[in-house]
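One structure below.
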Amino acid sequence: MKSKKKKSRLPFLAQAGPVSAWMILFVTIPMLFIIFISFMSRGTFGGIIYEPSIKPYETLMDPVYFKVILKSFEVAIITTVSCLILGYPFAYYIAKKPPETASRLIMLLMIPFWTNSLMRLNAWMLLFQTNGPVNNLLISLNLISEPVTFIYTDGLVLLGLITNFLPFAVLPMYASIEKLQKSLLEASADLGAKPSVTFRKVTLPLTFPGIFSAVILTFIPALGTYTITDMLGGGKVLYIGNIIKNQFGATRNWPLGAALAVLLLLITALLIFIYTRFSKLDDMEVL
Amino acid sequence: MSDPIVLLKNVEKWYGKNHVVKNMNLEIKHGEFLTLLGPSGCGKTTTLRMIAGFEDANEGIIEVQGERVEEKEPYQRDVNTVFQNYSLFPHMTVYDNVAYGLTIKKVPKDEIKERVTEMLALVQMTGYERRKPDALSGGQKQRIAIARALINNPRVLLLDEPLGALDLKLRKQMQIELKRLQKKLGITFVYVTHDQEEAMTMSDRIAVMKDGVILQLDSPMEIYNRPNCRFVADFIGESNILDGVAESVEGTKIRVKTDNGYFTTYGEGFAPGERMHVSVRPEFMSVMKEKTEDFSIKCVIKDFIYMGTVIKTLLGLPDGREIKYTRFDLDPNVKEGDTVYLYCEKGRSVAIHADSTAESEADDEK
């Protein structure tokens, strides 16, 4: 075993060379730059003064930011859980279909995902306007007597987030469920397990890598998003993403924006760390 | 005990327009080792899966221990399966895999431990409890799969080509072990394979299947010595099959006219003018220097092949087909290029009725 490992070492490095260069250029350097900026000072009229400072991080300790972070977490968690609950049965359903039907269903899932996101968001706004189709429908069904305000509410923000991130949740879970051998489920039934027991003891543990990928792929972007919360929430409630955007935009406090970005990065890293601690790395292939 | 443990009555199975099991009737006896043998696509696995409950029969009755099971789900049936690809749960240890059936039945932990230990000893896998299936070889996985099924004390064990993925040597060893296990436990084994040698080695009875139909159900010896149709004669072991027409029938003696000459065999129930086949095992075929009235199929000795225990002689018929015969020693009377006539002693060849359906289907395939 040992000699085998040694043998493959050099060729591996050689193979990894171009990838490493690519990663360094496009991932590591920009990331290091963000971290670097987060430890600098803010210029009076915006921009960066290259003087080391931990002021951005001190600012983060302000309870106002803590509340924003909490709120962002809440929304991201609700979004993620909703995507899992809605996505898993759907992914399961697709995975059990013959390949041709499955690819068509995935296509249906992807079409809205390929549409320009601004168009999609505006479409939601139009649908839920005070005198929009949704309100009109509800009134004509006599479910409500006067129009309900949907736009700029948390509910609409969540709807926007869930519909936006659902494909990211479904795809890795689909990949994982699709890989699940049918004969394992048959073996479980053969040994006396009811479908619900088989699901709990076989299906769920074996598709966990897909579920975790779905969590990472929805939770992290949902935590950092700003277009959806901005447009559908009308900027009434602040989320981390909106603040970061503001720091780099209107407020021009780049170091603080960078510090917030670093915070998001740390949360992400922590999640992935937890995952790799509790499962084998080679299960991550669907990620 | 005389009642069959598994009974299939008029069972039909369609996959879309594909009629995979046709009016199947099968009685499996208590404690026997029954093999469903046939080429791929003959419906043998489907039959097994219908007994296990993974496939629903479109029509007919399936009984296990005198109880109708067609409406029962797999988890409600008192049979267990050993799968072709083992299907061990990859996220569980060997121990948890074997214990699975008992864990589900909520058997007390101490008893589970005792039974798992016992089962692992039975399949000679003691000491592997903590391993994951990935860390086992094919043969070891198969032993665990067998232990996992047997721990539930099934009345019937269904085995779907369980040795298909193993190499030849290991397969031979496992065949003997499986047979020993089955005798020791007295459980009924229903075994599916396409390997006729495997079927011969292990089975009490073999059901030879083709195109969703059982052609012959008999002991290995009967099937080898008295195949009831051309397909069985051809599929089980090596055979020389001569096609022809019964020209004259005197008592049991039948003089068969083939395209290449006359050949004489013995059998009952044949009428002059009937199309028929004669099957002769290579070890029973022999040759003569001169033709007789009863044996006049001329052929040329093409080759001698040394096979270890036997020497196989290849003969060429005038129409290009090959005839094989085997001997323990080299026949000193013949050499390559000699012209000889086929001969077979009384009782060594098998007369087979031409089966109209088998013939027409063979034509369809062309």
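So that the names make sense, note that chain A is the first sequence line, chain B the second, and so on, each numbered from 1. Because only heavy atoms are used, hydrogens play no part in the values below, and waters and symmetry mates are left out as well, while side chains stay in.
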Kindly check if the number of other-residue, nucleotide or ligand heavy atoms within 6.0 Å of NZ (K113(B)) is above 12? no
Could you tell me if the side chain of S183(A) sits less than 4.5 Å from the side chain of Y86(B), heavy atoms only? no
Contacting region of Q181(A) [heavy-atom separation from chain B under 4.5 Å]: side chain
Within a radius of less than 6.0 Å around OH of Y15(B), do more than 12 heavy atoms belonging to other residues, nucleotides or ligands occur? yes
Is the number of heavy atoms from other residues, nucleotides or ligands under 6.0 Å of K183(B) NZ greater than 12? no
Measure D78(B) against the heavy atoms of chain A and call it side chain, backbone, both or neither at under 4.5 Å. neither
More than 12 heavy atoms of other groups within 6.0 Å of K9(B) NZ: no
N80(B) side-chain N/O to D190(A) backbone N/O, donor-acceptor pair under 3.5 Å: yes
Assess whether atom OH of Y226(A) is packed by more than 12 heavy atoms of other residues, nucleotides or ligands within 6.0 Å. no
Pairs under 3.5 angstrom only: tabulate donor-acceptor contacts from the side chains of residues 97-109 of chain A to other protein residues two or more places apart or in another chain.
| residue | atom | partner | partner atom | Å |
| --- | --- | --- | --- | --- |
| S103(A) | OG | P99(A) | O | 3.4 |
| S103(A) | OG | E100(A) | O | 2.9 |

Is there side-chain contact between L191(A) and I104(B), with heavy atoms separated by less than 4.5 Å? no
For atom CH2 of W114(A), is the number of surrounding heavy atoms from other residues, nucleotides or ligands below 6.0 Å larger than 12? yes
Which of the residues S87(B), P74(B), G101(B) is involved in the greatest number of heavy-atom pairs with chain A at under 4.5 angstrom? S87(B)
V202(A) versus Y100(B): any side-chain heavy-atom pair under 4.5 Å? yes
Mind checking whether K201(A) and T103(B) have side chains closer than 4.5 Å, heavy atoms only? yes
Which atom pair, heavy atoms only, marks the closest approach of E186(A) to F83(B)? OE1-CE2, 3.7 Å
Could you grab the distance from atom CZ of F89(B) to atom OG1 of T198(A), nearest 0.5 Å is fine? 7.5 Å
Is M110(A) atom CE crowded by more than 12 heavy atoms from other residues, nucleotides or ligands, each under 6.0 Å away? yes
Hey, is CZ on R120(A) packed in by over 12 heavy atoms from elsewhere, all under 6.0 Å? yes
Atom group of R49(B) that falls short of 4.5 Å from chain A, counting heavy atoms: side chain
Relative to chain A, which segment of I151(B) carries a heavy atom at a distance below 4.5 Å: side chain, backbone, both, or neither? neither
Which residues pass the side chain to side chain contact (heavy atoms under 4.5 Å, CB included) test with D195(B), not counting sequence neighbours? R171(B), T193(B), E197(B), E198(B)
Between K194(A) and E73(B), is there a salt bridge with N-O shorter than 4.0 Å? no
Nearest heavy atoms of Y75(B) and P195(A), plus distance in Å: CE2-CD, 3.4 Å
If I take atom CG from residue L204(A) and atom NE2 from residue H91(B), how far apart are they, to the nearest 0.5 angstrom? 9.5 Å
